[in-house]
Each structure stands twice: as structure tokens, then as C-alpha cells.
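First comes the structure, then the notes that go with it.
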Amino acid sequence: MIPGAFDYHKPKTLAAAVKLLTQLGDEAHPLAGGQSLIPMMKLRFASPEHLVDVGGIEGLRGVTREKDRLVIGAMTTQHDLLASGDVAGALPLLQEAALVIADPQVRYRGTIGGNVANGDPGNDMPALMLTLGAGYRLQGPGGKREVEAAKFYKGAYDTALKAGEILTAVSIPVPPIGHGHAYEKLKRKVGDYATAAAAVVLTMKAGKVASCSIGLTNLADTPLLATKAAKIITGSSLDEATLKKAVDAARAIMSPAADGRGTVDYRVHVGGIMVARALKRAASVAG
Ligand SMILES: Cc1cc2nc3c(=O)[nH]c(=O)nc-3n(C[C@H](O)[C@H](O)[C@H](O)COP(=O)(O)OP(=O)(O)OC[C@H]3O[C@@H](n4cnc5c(N)ncnc54)[C@H](O)[C@@H]3O)c2cc1C
């Protein structure tokens, strides 16, 4: 399959890209790694008349430390995340998730910016961003702004991005040394999107959970933060009764679609199992 005809633009600066997107309006889409957009165009689910390739803009790729945060440029690929010593040291959860996204070919092209800006409930990085309390740096015709990841997702393929805006970086607070983390993803086969997945970041003190955050992938039309479940777990020693209560609370907010990956009941059921597994594994790796 080949996509419909489109005009291709490759601006050299962010200002030029924003100007182009603003002038061309709804018919223009930013193009990053093309690993979601191009398949959508081939399937005719998207048919933009213009693609504005942001891959030629300097300064959008790479990982930098800004005080207590890691700032990852939008054009940083999933492969770059896996190769980064900074990410390995500060945010190992990102590497764990990047490794279960698609296959090496897709990971060489697919970017963190495209993954979080796409708005596909099946993308893995958005739930991680919620779990980690990340912010998204945006630049558009109105200037620069930062939006919390938790406030970015409005619905499937519906985000807080305004016309002409480009996501330039994600800014992630670095969790404390010795934090526990886990991303549990159930998929039908290697390279598939999640049937259900859960991300956990927690800290332990004297055998009890001192802080906890839980994010969910593909269990609603947006990524979810299971705040009630995290509150139930906090202060506990992850005993089976508390774990069950937390899993029930997480399941209560899940509203996945029935699709080729399973019925609603099945996906909620396995979603709960992913939450329990991620909590236990995160606690086991906490130092
Ligand atoms: C076979 C296959 C399997 C896959 N499996 C998974 C999976 O399991 N999990 C997963 O998370 N992903 C999966 N993906 C998707 C992959 O991770 C994509 O790379 C990612 O979703 C989008 O990143 P991209 O850089 O390719 O963005 P693109 O495809 O270029 O863009 C995606 C969307 O985001 C917009 N966009 C891109 N960059 C920006 C920006 N900087 N600012 C504003 N808007 C922007 C585009 O306009 C477009 O609407 C899979 C892809 C393939 C082909």
C-alpha cells in the first residue's frame, strides 16, 4: 500500500516549522519517525496534504540533565533511549518500556516526541510519562509553554496540542536513587501493541511502600493514572489483601475497547494482573 499524495517540507528551524504548520493549517502534520503516521496514511486513516518533517531541526535530539530533571528532545529515538547512559542511570523504566516497543527497525526511527504526541492509547510512553510526573515542552505560534503529561491527553488521538504547536521535549523529574520500577506489558506477540500494560514507580522504607505511582496503557482511550490504587498501596508492605484492594481500585477505572486483543472483561482482568505484577516487581528491585 502507498499513501495518498502529499507535499513534503523539511524546515531547518523550529520557528520555520511552526510558521509552516500555522500557515498550512489542519492539512499539515508534523512528521517525526513516521512509524505511526505513515502506516496511518497507507491505511487511509490519515491523509494530510502536507508533512512537515521536524527531523532536520537542530537541538531536538538528545538527553540532557537539568538539575533534578532529565530533558529528552522530541526527536530522540527509542533506540537512543536504549543507548543512553543517562537514561540507564536515572530512568531505567524508560529503557524497560522502549525495549518492548515494536522491533529494532521501528525503534531506530520512532521518537519519544512522536510516541507521546500521537495520542494513540496503545502507545507505551504516555503512561510512563504520567507515572513519572513528566511535563511536555511545546512551541507554537503563541510561544513556548509546558503542559503536564497528566493534563495532555483528552481522548483517543485528541491531545492538548494547539494548532501549529510542536512538542520539543519531555521533561522528567528523576526519581530517588534506589526507587523501584517496572513496566509489565501483555501483548499477543513480540512487536505488538499492549493488550494491557502497567507502569509502577515506588520507593520503599523499612519494608513498606513509602511512595507509589501507577500508570496504565491501552486500558481506556487515554493513558491513565491509577491514583486510588497507588494510595491504597502506599504505607503497606504489599501484603496480598492490600494488593487485591489496589488491583480492584485500578480495575474500576479501566474502560478498554473490545477489539482483536480481547473483550472488555478480558482486558480489564489482565490489566489488573499487570498492575499486581508491576507492583511486586517494582518492590523487588527497590534498593
Ligand atoms: C510494527 C509497529 C509496531 C509498533 N508497536 C508499538 C508499540 O508496541 N508501542 C508503541 O508505543 N508504539 C508502537 N509503534 C509506534 C512507534 O513507537 C512510533 O514510532 C511512535 O508511536 C510514533 O513515533 P514517530 O516518531 O514514528 O512519530 P510519527 O509517526 O512521525 O508521528 C506520530 C504522530 O505524532 C505527531 N508528531 C510527531 N512528532 C511530533 C512533535 N514533535 N510535535 C507534535 N506532533 C508530533 C505526528 O504529526 C503524528 O500525528 C509501532 C509501530 C510499528 C510500525
Side-chain angles (χ1 to χ4, degrees), residues 14 18 21-22 26 29-30 32 36-37 54 60 66-76 81 90-91 93-94 97 111-175 179 181 183 194 196-202 211-234 249-250 252-257 271 275 278:
L14 209 46
V18 167
L21 286 168
T22 309
D26 284 350
H29 284 234
S36 287
L37 184 52
V54 292
L60 286 189
E66 286 183 12
K67 294 187 184 151
D68 58 349
R69 304 179 83 87
L70 220 57
V71 177
I72 306 177
M75 284 305 294
T76 307
L81 293 179
L91 291 167
L93 180 66
L94 290 195
T111 66
I112 190 154
N115 200 291
V116 301
N118 195 23
D120 181 342
N123 280 138
D124 290 292
M125 288 292 167
L128 269 70
M129 297 299 131
L130 266 59
T131 308
L132 290 160
Y136 295 164
R137 294 183 180 173
L138 312 178
Q139 189 164 331
K144 293 181 188 177
R145 65 184 180 118
E146 186 158 330
V147 177
E148 288 170 45
K151 294 188 177 153
F152 187 76
Y153 299 97
K154 310 288 181 197
Y157 298 100
D158 184 11
T159 69
L161 271 176
K162 292 183 184 159
E165 267 184 337
I166 292 171
L167 188 145
T168 57
V170 300
S171 158
I172 309 172
V174 173
H179 70 278
H181 56 87
Y183 190 58
V200 168
V201 172
L202 52 69
S211 67
C212 178
S213 180
I214 305 169
L216 306 173
T217 297
N218 225 3
L219 288 162
D221 60 0
T222 63
L224 296 173
L225 255 188
T227 41
K228 198 168 167 196
K231 209 168 165 190
I232 290 168
I233 283 294
T234 306
I253 63 165
M254 297 174 190
S255 55
V275 170

Item to check | Exercise: identify the closest heavy-atom pair between Ala169 and Val71 | outcome: CB-CG1, 3.9 Å
Checklist outcome for this item: Taking every heavy atom of Ile253 against every heavy atom of Ala226, the minimum-distance pair comes out as CD1-CA, 3.7 Å
Next on the checklist: Are Pro175 and Leu91 packed together at the side-chain level, in the sense that at least one heavy-atom pair is separated by less than 4.5 angstrom?
Outcome noted: yes
Checklist entry - If we ignore angles and hydrogens, is there a donor and acceptor under 3.5 Å between the side chains of Thr131 and Tyr183? => result no
Item to check | Heavy-atom closest contact (Leu128 atom, Ala97 atom, distance) | outcome: CD2-CB, 3.4 Å
Checklist entry - Going from OG on Ser36 to CG on Asn118, what distance comes out if it is rounded to the nearest 0.5 angstrom? => result 4.0 Å
Checklist outcome for this item: Here the pair of heavy atoms bringing Leu224 nearest to Met254 is CD1-CA, 4.3 Å
Checklist entry - Picking from Leu161, Leu138, Val18, what satisfies side-chain contact (heavy atoms from CB on, under 4.5 Å) with Ile166? => result Val18
Checklist outcome for this item: Nearest heavy-atom contact between Leu219 and Gly271 is CD1-CA, 3.9 Å
Checklist entry - Would you call His181 and Val200 a side-chain contact if the rule is heavy atoms closer than 4.5 Å? => result no
Checklist entry - So do the side chains of Arg69 and Lys67 get within less than 4.5 Å of each other, counting heavy atoms only? => result no
Checklist entry - When rounded to the nearest 0.5 angstrom, what distance separates OG1 in Thr159 from OH in Tyr153? => result 8.0 Å
Next on the checklist: For a side-chain contact (heavy atoms from CB on, under 4.5 Å) check, start with the C-alpha distance between Met129 and Ile172, then their side-chain angles and the critical distance, and finish with the verdict.
Outcome noted: CA-CA 8 Å; Met129 297 299 131; Ile172 309 172; 3.8 Å; yes
Item to check | From NZ (Lys144) to CG (Leu14), nearest 0.5 Å | outcome: 8.0 Å
Checklist outcome for this item: Value for CD1 (Ile112) from CG (Asn123), rounded to nearest 0.5 Å, stands at 11.0 Å
Checklist entry - Just wondering, do Glu146 and Ser171 contact through their side chains at under 4.5 Å, heavy atoms? => result yes
Item to check | Asn218 side-chain N/O to Ala194 backbone N/O, donor-acceptor pair under 3.5 Å | outcome: yes
Next on the checklist: Under 4.0 Å between a side-chain nitrogen and a carboxylate oxygen: does that hold for Glu148 and Arg137?
Outcome noted: no
Checklist entry - How many angstroms lie between atom CD1 of Ile214 and atom NZ of Lys231, to the nearest 0.5 angstrom? => result 13.0 Å
Checklist entry - Judged by modelled atom types alone, do Tyr157 and Asp120 share a side-chain donor-acceptor pair under 3.5 Å? => result yes
Next on the checklist: Ile72 vs Leu81, test: side-chain contact (heavy atoms from CB on, under 4.5 Å). Steps then yes/no.
Outcome noted: CA-CA 9 Å; Ile72 306 177; Leu81 293 179; 3.9 Å; yes
Item to check | Audit row: Arg145, Glu165, side-chain contact (heavy atoms from CB on, under 4.5 Å) steps and yes/no | outcome: CA-CA 10 Å; Arg145 65 184 180 118; Glu165 267 184 337; 2.7 Å; yes
Checklist entry - Side chains of Pro30 and Leu21: closer than 4.5 Å at any heavy-atom pair? => result yes
Checklist entry - Do Leu216 and Val275 have side chains that get closer than 4.5 Å, going by heavy atoms? => result yes
Next on the checklist: Please evaluate residues Leu37 and His29 with respect to the criterion side-chain contact (heavy atoms from CB on, under 4.5 Å), reporting the C-alpha separation (whole Å), side-chain torsions for both, the decisive distance (0.1 Å), and the verdict.
Outcome noted: CA-CA 9 Å; Leu37 184 52; His29 284 234; 4.1 Å; yes
Checklist entry - OG of Ser213 to CG of Leu132: how many Å apart, nearest 0.5 Å? => result 7.0 Å
Next on the checklist: Minimum heavy-atom separation for Thr217 and Ala127, please, with both atom names.
Outcome noted: OG1-CB, 3.2 Å
